[in-house]
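Please read the structure below before turning to the comments.
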Amino acid sequence: MIQITFPDGSIKAFEPPVTGEDVARSISEGLARNAVAMEVDGRLVDLYWTIDEDARVRLITVKDPEALKILRHSAAHVMAQAILRLYPDAKLTIGPVVEGGFYYDIDMEPLSEDDFPKIEAEIAKIVKEKIPIRRQEVSKQKAKEFYRDEPYKLEMIEDLPDGTISFYNQGEFTDLCRGPHLPHTGFVKAIKLMKVSGAYWRADQSKAQLQRVYGTAFFNKKELDEYLHFLEEAKRRNHRKIGEAQDLFSFHDEAPGMAFIHPKGMVVWNMLLDYWRVEHQAAGYVETKTPIILKRVLWERSGHWENYRENMYTTAVDDEEYAIKPMNCPGGMLLYRSRHHSYRELPIRAAEIGLVHRHELSGVLSGLFRVRAFHQDDAHLFMMPDQIQKEILDLLRLEERIYHTFGLGFHLELSTRPEKSIGTDEQWEQATEGLRSALEAYGQPYQVNEGDGAFYGPKIDFHIRDALGRTWQCGTIQLDMSLPERFDLTYVDRDNERRRPIMIHRTVYGSIERFMGILVEHFAGKFPLWMAPVQAVLLPINDELVGYAREINGVLSQAGLRTEVDDRSESLNKKIREAQLQNIPLMLTIGAKEKEAGTLAVRTLDGKVKYGVSREAFIEAVTDHVRQRKLELDLFE
RNA sequence: GCCACCGUAGCUCAGUUGGCAGAGCAGCUGAUUCGUAAUCAGCAGGUCCGCGGUUCGAAUCCGCGCGGUGGCUCCA
């Protein structure tokens, strides 16, 4: 008899060999039905794994977080099986689980989404058959024989360490796989193919182009529907649609990847920057501006000509080569060098809303999220080594303040020295330690990405989280050990020696264009009052009241509110409907009663109406709300 | 750049097997003067993304180009 210990500490004896299914069934039929795999002494294995000695066992059921990955991995196999049934000549490569689902890269004729129904029908058959999925272990030699006509699988086996190699079988389908997998294909009920795209074998453009088929799977239809609903909601909030509907910005064929910001979009833009300036002024920043077009020699000195030229637009003026800046830093270096600096001035915090151009590949452009021309809320901080920790800590707090104003959460990631890098071990040690100790002092948890830093220094990235729970990398803090060297930046220390300052590049919004796009989606087009392009629209009930509405509009404008009069000869219902669809936070209906009493009837976007508000009370409530940059539209609560 | 899909009025879209280019909304004009999510009527609006080809005939089929959407990082 062997003893099996469960997570709750209880122990049960079994006659070996025993499988996870036996163990589950000995507890309850329900558990046996819902168990998909198990953990034996900390190792995740199939439910049919046989245990023949004492072990600690945790059964994984459909409720456990690990189960979803197992399901999706099996789902990838089921999809591959269906595709092989329909396209017998297809050659399988890899089929991993990814965030939101799985994919399988297959060497086959090009697929389109029109092919999905028949593949899904075949998948449904496989699921209905509840085909047992079983593991099989063979020698490397036998594995190679089995795959003698499968070039990709052979290549993968070559890369595996010697020893036994595991396969998984389900009916006529066999795939090289580490596992674990579900007990049978019947669990893959809620599966949906999502999209298809080209991908290269080993992500190498010189290698074969494969069909990457994406799918997602859940344990039940309800969760799948919820996920599809989430995708619908994200689609509904798409900033490109909202941007057009609310007249914020546009794109034109004549300038692909470069946004035209409309008057209403410019209000949002200016509010973003007004706020940014308030915070940066308080944090001891100065603002600068550097040219957009600079001579080639500068880019050679900065290293961009060598390392970044593919992404740079160039031009010739008077027989001399120039480049349109893809980054602000080289210009910032010249600015720093324009005179001597004393240690007494440090730290210098020089911000710049810099317009940069980067020639991104046409296929990666995407609304405001990925453009070829954008404004960075850049800043270059110059300091002495012993000031690093405090500067970084202040920066972490500044970024936190700003993100919280928009109701955005975030998490932090620290990236350390990559293999290919410049600088000495001591420099890296000091720089990374500066970032790390600031993060420790800041006190929030952070993730470390070893070797993910830039070649010129370590960095901290901010990944903000929007209202739908999606994350976006916006802010970044990068320590740069290269440019101060290349541009021979110095300051005069108290001992009258010239020393090299430490330099940090950083952003908060990242790209203003992109941040605006993120906010459009985060707020679903319903900007908080302080950012709203139009804060209140006045709706005269009939044409006789238009004059009075204009009079009120003048008063509100004078008080600094952004208001408009809807003076069309349309019904009140229609004017309200359109104001609602434009997500204008406040609607002021102007009727005879309001004119007589000299008060306002205020409707908020949630449909609530408050009557009899005095002009003064309204102006005060709005200006107060705006001054505090509140997010909730709780004007009179 | 590569793969799949897409491009028809300002917007959203319809347009059978190739046979005279349509609707709703928006716009303009007129009527209506309305109390919290679409009043009615009329008018106007087109290089069917561009270029070339096939055809008696192309929005429709073919090729090239331009632009857009999704993907091209996740490694049994």
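None of the values given here were measured: they were computed from a predicted structure. Protein chains get the first letters and strands the later ones, always in sequence-line order, with residue 1 at the start of each.
- Between B:G15 and B:U55, the two P atoms lie 28 Å apart (nearest whole Å).
- Pair check for B:U32 finds none; no Watson-Crick or G-U wobble contact set falls under 3.5 Å.
- One can find a donor-acceptor pair under 3.5 Å joining the base of B:G35 and the side-chain atoms of A:Glu594.
- Nucleic acid contact for A:Ala592: base, since at least one base atom lies under 4.0 Å from a heavy atom of the residue.
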Worksheet item: Hey, mind stepping through A:Trp201 and A:Asp105 against side chain to side chain donor-acceptor pair (under 3.5 Å) and telling me if it holds?
Response: CA-CA 8 Å; A:Trp201 172 237; A:Asp105 279 353; over 6 Å; no
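- Spacing between atom NZ of A:Lys235 and atom P of B:U12 amounts to 13 Å, rounded to whole angstrom units.
- A straight line from CG of A:Leu581 to P of B:C11 spans 18 Å, rounded to a whole angstrom.
- Listed by first and then second residue, the side-chain hydrogen bond (donor to acceptor under 3.5 Å, both in side chains) pairs involving residues 410-419 of chain A are A:His411-A:Glu413, A:Glu413-A:Asn449, A:Glu413-A:His463, A:Thr416-A:Glu450, A:Arg417-A:Ser421, A:Arg417-A:Asp425 (not counting sequence neighbours).
- In this structure A:Glu254 satisfies the salt bridge (Lys or Arg N to Asp or Glu O under 4.0 Å) test with no other residue, sequence neighbours excluded.
- A gap of 12 Å separates the P atoms of B:A14 and B:C6, to the nearest Å.
- Expressed to the nearest 0.5 Å, how far CD of A:Gln582 lies from CD of A:Gln246 amounts to 5.5 Å.
- B:G45 sits 26 Å from B:C51 when the C1' atoms are compared, rounded to a whole Å.
- With a cut-off of 3.5 Å on both pairing distances, B:U73 has no Watson-Crick or G-U wobble partner at all.
- Residue A:Ser166 has no polar side-chain atom (N or O) positioned under 4.0 Å from OP1 or OP2 of B:A76.
- Because its NZ or CZ atom is both nearer than 6.0 Å to the ring centre of A:Phe218 and within 45° of the ring axis, A:Arg72 counts as a cation-pi partner of that residue.
- Within residues 81-96 of chain A, the residues having any heavy atom under 4.0 Å from RNA chain B are, by residue number, A:Ile94, A:Pro96.
- Summarising the base pairing, B:U60 is matched to no nucleotide, lacking a Watson-Crick or G-U wobble pair whose two defining distances lie under 3.5 Å.
- Judged by distance alone, with hydrogens and angles left aside, A:Arg178 brings no side-chain donor or acceptor close enough to the base of B:A76 to form a pair under 3.5 Å.
- Here A:Asp543 pairs with nothing under the salt bridge (Lys or Arg N to Asp or Glu O under 4.0 Å) rule; sequence neighbours left out.
- In a base pair of the Watson-Crick type (N1 to N3 plus N6-O4 or O6-N4) or a G-U wobble (N1-O2 and O6-N3), with each distance short of 3.5 Å, B:G67 is matched with B:C6.
- Under 4.0 angstrom from either OP1 or OP2 of B:C72 there lies at least one side-chain N or O belonging to A:Tyr214.
- Not counting sequence neighbours, the partners of A:Glu223 by the side-chain hydrogen bond (donor to acceptor under 3.5 Å, both in side chains) test are A:Asn220.
- The side-chain hydrogen bond (donor to acceptor under 3.5 Å, both in side chains) check on A:Arg577 picks up nothing, with sequence neighbours excluded.
- Contacts of A:Glu521 classified as salt bridge (Lys or Arg N to Asp or Glu O under 4.0 Å), with partners at least two apart in sequence or in another chain: A:Arg470.
- Atom C1' of nucleotide B:U73 and atom CZ of A:Arg202 are separated by 15 Å, given to the nearest angstrom.
- Rounded to whole Å, the distance from CD on A:Gln211 to C1' on B:C72 is 12 Å.
- Listed by first and then second residue, the salt bridge (Lys or Arg N to Asp or Glu O under 4.0 Å) pairs involving residues 241-251 of chain A amount to none (not counting sequence neighbours).
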Pairs: protein N or O with nucleotides 25-29 of chain B N or O, under 3.5 Å:
residue	atom	partner	partner atom	Å
B:A26	OP1	A:Lys574	NZ	2.8

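- As rounded to whole Å, 15 Å separates atom C1' of B:A37 from atom CD1 of A:Ile541.
- Summarising the local packing, NE2 of A:His229 is surrounded by 12 or fewer heavy atoms from other residues, nucleotides or ligands at distances under 6.0 Å.
- Under the side-chain hydrogen bond (donor to acceptor under 3.5 Å, both in side chains) criterion, A:Glu578 pairs with A:Arg568, not counting sequence neighbours.
- Rounding to whole angstrom units, CG of residue A:Asn238 and P of B:U12 are separated by 12 Å.
- Minimum atom distance to the side chain of A:Leu176 is reached by B:A76, of the listed B:G35, B:A76, B:C72.
- Taking atom NZ on A:Lys140 and atom P on B:A76, their separation rounds to 14 Å, with Å as the unit.
- The side chain of A:Lys241 contributes an N or O atom lying less than 4.0 Å from OP1 or OP2 of B:U12.
- The distance between atom NZ of A:Lys610 and atom P of B:U36, rounded to the nearest whole Å, is 18 Å.
- Between the side chains of A:Tyr548 and A:Glu594, no donor-acceptor pair of N or O atoms lies under 3.5 Å.
- Of the candidate nucleotides B:U33, B:C72, B:U36, B:U33 has the atom nearest to the side chain of A:Glu544.
- Among residue pairs with one or both ends in residues 93-120 of chain A, those qualifying as ring pair (Phe, Tyr, Trp, His ring centres under 6.0 Å) are A:Tyr103-A:Tyr214; sequence neighbours excluded.
- The base of B:U36 has none of its N or O atoms less than 3.5 Å from a complementary donor or acceptor on the side chain of A:Asn573.
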Between the protein and nucleotides 65-68 of chain B, are there any N/O to N/O pairs under 3.5 Å, and if so, what are the atom names and distances?
residue	atom	partner	partner atom	Å
B:G67	O2'	A:Asp253	OD1	2.8

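- The base-pairing partner of B:A23, taking Watson-Crick or G-U wobble contacts with both distances under 3.5 Å, is B:U12.
- Set against B:U32, B:A37, B:C72, the side chain of A:Arg577 has B:A37 as its closest nucleotide.
- A:Ser571 contributes no side-chain N or O that forms a donor-acceptor pair with the base of B:U39 under 3.5 Å.
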